[in-house]
Amino acid sequence: TVINILALLSFSFLQAAISANALRQDEVSMGTTILAVRYNGGVVVGADTRTSVSGYVSNRYAAKLTFVLDRDVDNFVVASNKLPIDSSTCVICRSGSAADTQHLASVVRTELVSRQLMYRIRGTVTHVAALLRNILVNNDLSASLICAGYDHELGRGVIYTITPGGTVFEERLWAVGGSGSTYILGHLDSCYSKENREVLQSEKEALEFVSSAIGLAMERDGSSGGFIRMYVIDRFGKRFVSKMPDKRSNGFAGNDRIQQHAVPLRNFAPALTKYNPTDMVSNK
């Protein structure tokens, strides 16, 4: 009986934990594909633009990249023309509940602006990741985030992944999230060989990397769609880049080569040419 009681309690706890992290039936889900990759001068972030409620597409042009550190905005807040060249620019790539992630970005942005007004402290990407972790740990929110940007204190691009429980990981090369991420993990790994796992050298390589990966995810994931919205973030700020996904053929490049070496099957399950009921064997 004690074992049965313990099993019942553990099952009830498991159900409560699942229901706490699950979306409500009427809640807007940002089923999405978000991706950030480092290159030699900073980071490139990208996301699709589809927001859905269950199987219904509620918004085809949603903005899932929210900036919480912006050079122009920060300069306006402190009312100073002597803005240092090296200031941080940070974006939050949002996946999960649309309401929860919007609330998170708003709270973090308000806190960073308050610090600038009261203490003249300019935030960094690391500050943003720490704030997001503290909020997620102390609140029941459905959010899986990527915090990326250029950190002026570190002097390089930085990428953090933040789980719904508040765990923070710094990613050296790239980070991906959302419902479409599972379809492209193998593709992302194949772009970096085991012998050469170095940061991409050019901005052009990073843009092609992000656009091709998100385009592949949009083909397979029903919750990802629209067009690809990207930002290039470096020590000079941010720059917006948009791209429509490439239209691919129904087949892939190896189809012709496979057909050349295919061996046709002969006399496989031949059809009956004549049916005679008297040929059937009786069980009597």
Side-chain angles (χ1 to χ4, degrees), residues 32-50 61-76 83-95 101 105 108-109 112 122-129 132 145-162 170-178 180-181 184 187-188 191-192 197-218 224 226-246:
T32 181
T33 303
I34 52 177
L35 176 62
V37 60
R38 279 186 60 198
Y39 73 98
N40 202 23
V43 298
V44 173
V45 297
D48 71 300
T49 60
R50 175 176 291 178
Y61 310 108
K64 305 176 183 180
L65 307 175
T66 304
F67 281 86
V68 293
L69 285 176
D70 192 334
R71 173 190 300 270
D72 298 331
V73 176
D74 293 343
N75 190 25
F76 175 78
L83 183 68
I85 295 178
D86 288 334
S87 61
S88 297
T89 303
C90 180
V91 64
I92 299 176
C93 308
R94 303 181 291 117
S95 67
T101 55
V108 170
R109 182 59 187 157
L112 293 172
R122 293 192 179 275
T124 64
V125 182
T126 306
H127 291 163
V128 175
L132 290 171
L145 310 171
I146 297 176
C147 177
Y150 180 84
D151 194 305
H152 72 276
E153 291 187 356
L154 298 176
R156 59 179 174 85
V158 184
I159 300 174
Y160 295 102
T161 57
I162 306 171
E170 181 178 358
E171 305 293 346
R172 193 174 70 88
L173 298 176
W174 52 264
V176 66
S181 62
I184 57 173
H187 167 73
L188 296 176
C191 294
Y192 291 89
R197 298 186 63 84
E198 300 295 331
V199 176
L200 298 177
Q201 295 301 312
S202 67
E203 173 188 316
K204 181 180 179 181
E205 289 179 327
L207 284 170
E208 292 178 352
F209 180 87
V210 172
S211 63
S212 63
I214 295 180
L216 289 171
M218 289 167 62
S224 300
F227 64 93
I228 304 171
R229 181 180 279 116
M230 297 180 289
Y231 283 94
V232 179
I233 306 173
D234 55 19
R235 65 190 298 263
F236 301 106
K238 68 179 189 295
R239 190 175 76 257
F240 173 69
V241 180
S242 64
K243 183 179 180 182
M244 294 299 296
D246 297 331

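Every heavy atom of this structure was used, including side-chain atoms; hydrogens, water molecules and symmetry mates were not.
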Met218/Ile228 under side-chain contact (heavy atoms from CB on, under 4.5 Å): CA gap, chis, key distance, verdict | CA-CA 9 Å; Met218 289 167 62; Ile228 304 171; 3.9 Å; yes

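Side chains of Ser224 and Arg50 form no contact here, defined as non-hydrogen atoms less than 4.5 Å apart. Two residues are said to be in side-chain contact when any heavy atoms from C-beta on lie closer than 4.5 Å; Thr126 and Tyr160 meet this criterion. Annotation: side chain of Arg94 is not in contact with side chain of Ile34 (no heavy-atom distance under 4.5 Å). By the 4.5 Å heavy-atom criterion applied to side chains, Lys64 and Thr101 are not counted as neighbours.
Aromatic ring pairs are classed by plane angle as parallel below 30°, tilted from 30° to 60° and perpendicular above 60°; the pair Tyr192 and Phe209 is perpendicular.
Within the model, atoms OH of Tyr150 and CG of Leu69 stand 13.5 Å from one another, a figure rounded to the nearest 0.5 Å. To the nearest 0.5 Å, atoms CD1 (Ile159) and CZ (Arg172) are separated by 11.0 Å. In this structure, CG on Asp48 lies 10.0 Å from CZ on Phe227, to the nearest 0.5 angstrom. We find the CD1-SG distance between Ile92 and Cys147 to be 6.0 Å, quoted to the nearest 0.5 Å. Here the straight-line distance linking atom CE of Met230 with atom CG of Leu207 works out to 5.0 Å at 0.5 Å rounding. Separating the SG atom in Cys93 from the CG atom in Leu145 is a distance of 9.0 Å, to the nearest 0.5 Å.
Side-chain contact of His152 with Ser88: a donor-acceptor pair under 3.5 Å is present, judged by distance alone.
With sequence neighbours excluded, no residue satisfies side chain to side chain donor-acceptor pair (under 3.5 Å) with Tyr231. By the salt bridge (Lys or Arg N to Asp or Glu O under 4.0 Å) test, Arg38 is found to be paired with no residue, residues two or more places apart in sequence or in another chain being considered. Remark: Glu208 engages no residue in a salt bridge (Lys or Arg N to Asp or Glu O under 4.0 Å) (not counting sequence neighbours). Not a single side chain to side chain donor-acceptor pair (under 3.5 Å) links Glu153 to another residue, sequence neighbours left out. Under the rule for a side chain to side chain donor-acceptor pair (under 3.5 Å), Arg229 has no partner lying at least two apart in sequence or in another chain. Scored by the side chain to side chain donor-acceptor pair (under 3.5 Å) test, Glu198 finds no partners at all (sequence neighbours excluded). Ala217 is linked by a side-chain contact (heavy atoms from CB on, under 4.5 Å) to Thr33, Ile184, counting only residues two or more places apart in sequence or in another chain.
Nearest approach of Ala206 to Val44, heavy atoms of both residues: CB-CG2, 3.6 Å. Of all non-hydrogen atoms in Ala148 and Ile233, the two that sit nearest each other are O-CD1, 4.4 Å. Val45 approaches Ala36 most closely through the heavy-atom pair CG1-CB, 3.7 Å. Taking all atoms of both residues into account, the shortest heavy-atom contact from Ala175 to Thr161 is CB-CG2, 3.3 Å. Asn40 and Val199 get closest at one heavy-atom pair: N-CG1, 3.8 Å.
For Lys238 (side chain) and Cys90 (main-chain N/O), no donor-acceptor pair under 3.5 Å exists by modelled atom type. Remark: the backbone N or O of Gly149 is not paired with any side-chain donor or acceptor of Thr89 at under 3.5 angstrom. Put simply, the side chain of Thr32 never gets that close to the backbone of Gly178: no donor and acceptor are under 3.5 Å apart.
Checking each of Leu173, Leu216, Val176 against Leu188 for a side-chain contact (heavy atoms from CB on, under 4.5 Å) leaves exactly one that passes, namely Val176.
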